[in-house]
Amino acid sequence: MSDQQGLFEFADLPEWEQAAAEDLQVAEVVFNLPLEKPYTYSIPDEFRELLKAGMRVKAPLGRGNRTVVGYCVNVRQAESAIRKLKPIHEVLDSEPLLNDVMLKLTHWIGERYLCGWGQVLDSVIPAGVRRKSGTRLVQSFELSSKADQLIEAGKLPKKQQTVVDVLREFTEPVAATRLCELAECGPGPITALRKKGIVTALRIRSEVSGEMLEDAVQTEDLILNSQQQQTLDKILSAVRSGEHSTMLLHGVTGSGKTEVYIRSIREIVSYGRQAIVLVPEISLTPQTIRRFRCRFKSVAVLHSHMTDSERHWQWQQIAQGQIEVVVGARSAVFAPTPNLGLIVIDEEHEPTFKQDSTPRYHAREVARYRCMQERVPLLLGSATPTLESWLRATRRQDTLLSMPDRVAELPLPPVVVVDTRNDPRIGKGSSLGRALFTSIGRALNEKGQVILFLNLRGYSPTVWCRSCGTGVKCPDCDITLTWHRDRAEAVCHSCDYSIPAPEKCPTCESAAVRYFGTGTQKLEAEVAAAFPAARVLRMDSDSMRKPGSHDEALEKFRHGEVEILLGTQMIAKGLDFPNVTLVGVIDADSMLNQPDMRASERTFQLIAQVAGRTGRSSRGGRVLVQTTNADAPSIKYASKHDFMGFAYHELQQRKETGAPPFSTVTRVIFRGMSEPQVCETAREVANKLRTVAKDLDPEARILGAAPAPITRLRGYYRFHLQIAAPSHERVKLLWQRVEGKLKLPDSVEMAVDVDPINSR
DNA sequence: AGCACGCCGACT
DNA sequence: GTCGGCGTGCTC
C-alpha cells in the first residue's frame, strides 16, 4: 500500500475525486507475470453487478496499456485514500471459475511453493474450462420488451406472425436454427422482425457435447474383517466430528485399504457431500475406476488423456454437485466439488503426487490445506508411508491407523536377499545370479509366473565398489558420488565436492568400479536366451508409449499368455496376480546408490511394493533381491517386511544429518546452453543467498552451486543449489529477499523447487 | 513477460 | 545533427 501512495500522492487528487472514491468498488487482479502482488483496478458501472472474485478479466497494464488477461481475486470497497485507477476492460466469465476456498488455496500454493498466484491459477484451471471447450456461441432470439405494443401498432405478415407465436411459447431465447425449424421459415422473417424491434438477437453459450456417465452395475458392500471395521470406525468418528484431521492409514499391501476408503466415502456421500480420491497416474486403470464405478452412482474420472471439452464437461458436472466421487491423479485435488466431505490419497508415498513443473506443489500438502479450510478429514494410505507423513503420525500431529494383516490371512511372501558379490554368473557379466536363475527355472517348471524388476532408466552411473558393496560417498553430504567419464572424476551433486576417480575402493582397497547397470532391453535378451521356452514381455516407458498398451500388456500377463514379465517402476504397483510365484529384483544397488537424499527410502519402498505383487494366493511366492550390499538397512528391513524398523532407523539417520523431515530443502535449478554461464550464474545466486543468510538467518545453509545429477538434459547444461532451513517460512523470507535483486542473463533459466522429491 | 524509456555509436 | 542499438526497470 505504502509504495502505491508514494507514486501518486493522495494530496494530488482534487477534492471531488476523493469524495467520489468513497463508495468506489475496486477489483484486485493477478496476472501470470512475475509481479508480487495483486493490482487494483476500478470497476466500470456496467460490470458492477457482474464482476465477482474468481472471474477472469481483461485489464490494461503498463505504460502502453496493453490488454492482459488476469484473474479477479477480490472485489472490495476502495479505501478513502485512493489514487487514480485504471478501469477493467472486460469481464470474461459469467460465473466465477473458483470459489473463495479455491482462491485462498491457490494463493497459499503461491506462497508455499514460491511462485506467483497468477501462475498457480493458470495451471490449476484446465485449459478446456478457460476456453469453455465443448460449448459454442449460438445466435438466438427472444421477443423484445416492446414486442406487444409494436405488434398492436400494425398487423404482421403471416410468416412473421408464426415466428412471434413460436417465441411466445418460450420464456428463454431460442436458437436461430431451432426457430427456423419450428416456424417453418427461412432467416428472412426473423431479420424483418429484428429490424422492427420486435425480436432481439443475442448470442447464447450452449453445450455441444455432453456424454453421459455410463452406469456401472452396482455391487454390494463387502463384509469387512475386524481390522478393517476398527479402522473404518475410527475414520467415521473423525468424519462425524465435523473437524479437520489428517489420518495416515498404514496398511500392508493386500490389507484391503480400498474397501475402507469406499466405506468412508459412502458415509460422506450419505450426507450429500462429495469425495476426492487421488491415485498415482499409473494406477488410474480401468480396473481401479471400475472398483469405484460399481459402488457409487456418479463417479467422475480426471486423467491426463482427456480432451479439453471432456475435461470441461466433467468440471461442470462436479461444480454442479452432480458427482459423488472424483477419482483422479494429482491435479484432481483441485476438483471444484461444491460440498467436499473427504479427500483420500492412495499410495501417499508416490512421487507422482509432486508436480514437476511450476507450480511444483505436492498434492498431499495441497489436500491437507484444502481439508483444513473445508474442515473435513484427509485420509492418506500407504504400505510404505513417506517419512514426512510417518513422523507427523508418530508425533501425533496426524492420526495413525494401522492395518498390519493381509485379508484372508495370507502371509507376506518371504524375501530372500541374495548377495551377488561373489556370484559366479554375475562375475561373468550376467544380470541373473545363480540363485535367481535357478529360481526362475523352478517357478516356470511349476507353471508359475515370474516378475523381474529392474530399475535403471534415467539413473546416473555411481561410483561404487563391487567387492565390498558400498558406494563412495561425499564426506559432507552423505550421498553417493557420481562418475563423470569425460572428466574422469567422481563428483558430489549436492555440494560440488569432487575427487579424481578412485583407482581403488577407499574402504576395502580392491579396484573401485564405475558402474553402469543393465537396461531392460539387454535383460530381455538375456532372459529370452536363458529360458527359450518362456514367453517374455518387457514393460518400460519405451515399450509402453502408446496409450492403452499398458493395460493390454497387464491383461496378457493376467491371462497367462506370458510367463515372464520384466520392466521398470511401472510393474511394481497396483495389481494382484495370483499366479505370480516369484519376483526378482535384479539390482537393488542401482537405486540404493543414487545421489539422492531419499535413495534409501526409495529402495525400501520399491522392495516392499514388489513383494506385494506375489503371494496373493494359496500358491505362495517368494521375492529374490540381488544386491552387493545386503547389510543396507533399507534392504535388511524390507526383507523382514518391517516398515517401522526401517522408519525408526532412517529417521534417526535423517535427524543426525539434519535432513528432511527435520528440515526443509528448497532447490534452485539453473539451465542454459552455455555451461560456464550457467555455472557462474548458479554460483552468483548461491553467494548472494549466503551473504543474505549470514545476517538474516544464520541457521539456513546453502549447498552448492553444483552440477545437477543429470548435468545435461536436452541440450541444456544444468546446475543447482539447495537451501536447507528449519522451516518453509524462513526459506521464503530468505528467498524473497534475494529474488528481487537477481538479474539473470537471458540465456539462463531458473526454477525454484520447494520440497524437491528428487534432485535430478 | 512485454514494452517504454534511456544513454551511447554509425549514418543521411 | 538523427536513427536505432539493446540494457534497465516498471507495470495498479
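The chains referred to below are lettered A, B, ... by the order of the sequence lines, with proteins before strands, and numbering in each begins at 1.
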Item to check | Nucleotide C/dT11, atom C1' - distance to CG of A/L61 in whole Å | outcome: 5 Å
Next on the checklist: Measure CZ/A/R66 against C1'/C/dC10 and give the value in whole Å, please.
Outcome noted: 11 Å
Checklist entry - Nearest of C/dT11, C/dG9, B/dA1 to any side-chain atom of A/L33? => result B/dA1
Next on the checklist: Whole angstroms only, please: what is the CG-P distance between A/L744 and C/dG7?
Outcome noted: 15 Å
Checklist outcome for this item: Residues passing the side chain to side chain donor-acceptor pair (under 3.5 Å) test with A/Y361, sequence neighbours excluded, are none
Checklist entry - So which nucleotide from B/dA1, C/dT11, B/dA4 ends up closest to the side chain of A/P34? => result B/dA1
Checklist entry - Should the pair A/R730-A/E699 be classified as a salt bridge under the 4.0 Å nitrogen-to-oxygen rule? => result yes
Item to check | A/R737, CZ: over 12 other non-hydrogen atoms inside 6.0 angstrom | outcome: no
Checklist entry - Given atom NZ of A/K84 and atom P of C/dT11, what is their separation to the nearest angstrom? => result 16 Å
Checklist entry - C/dT11, B/dA4, B/dA1: which one has an atom nearest the side-chain heavy atoms of A/L35? => result C/dT11
Item to check | Value in whole Å for how far the C1' atom of C/dT11 lies from OH of A/Y41 | outcome: 8 Å
Checklist entry - CG of A/L742 versus C1' of C/dT8: gap in Å, rounded? => result 15 Å
Checklist entry - Side chains of A/T358 and A/Q119: is there a donor and an acceptor less than 3.5 Å apart? => result no
Next on the checklist: Whole angstroms only, please: what is the CG-C1' distance between A/D746 and B/dG2?
Outcome noted: 12 Å
Item to check | Nearest-Å distance for atom pair CZ/C1', residues A/R63 and B/dG6 | outcome: 10 Å
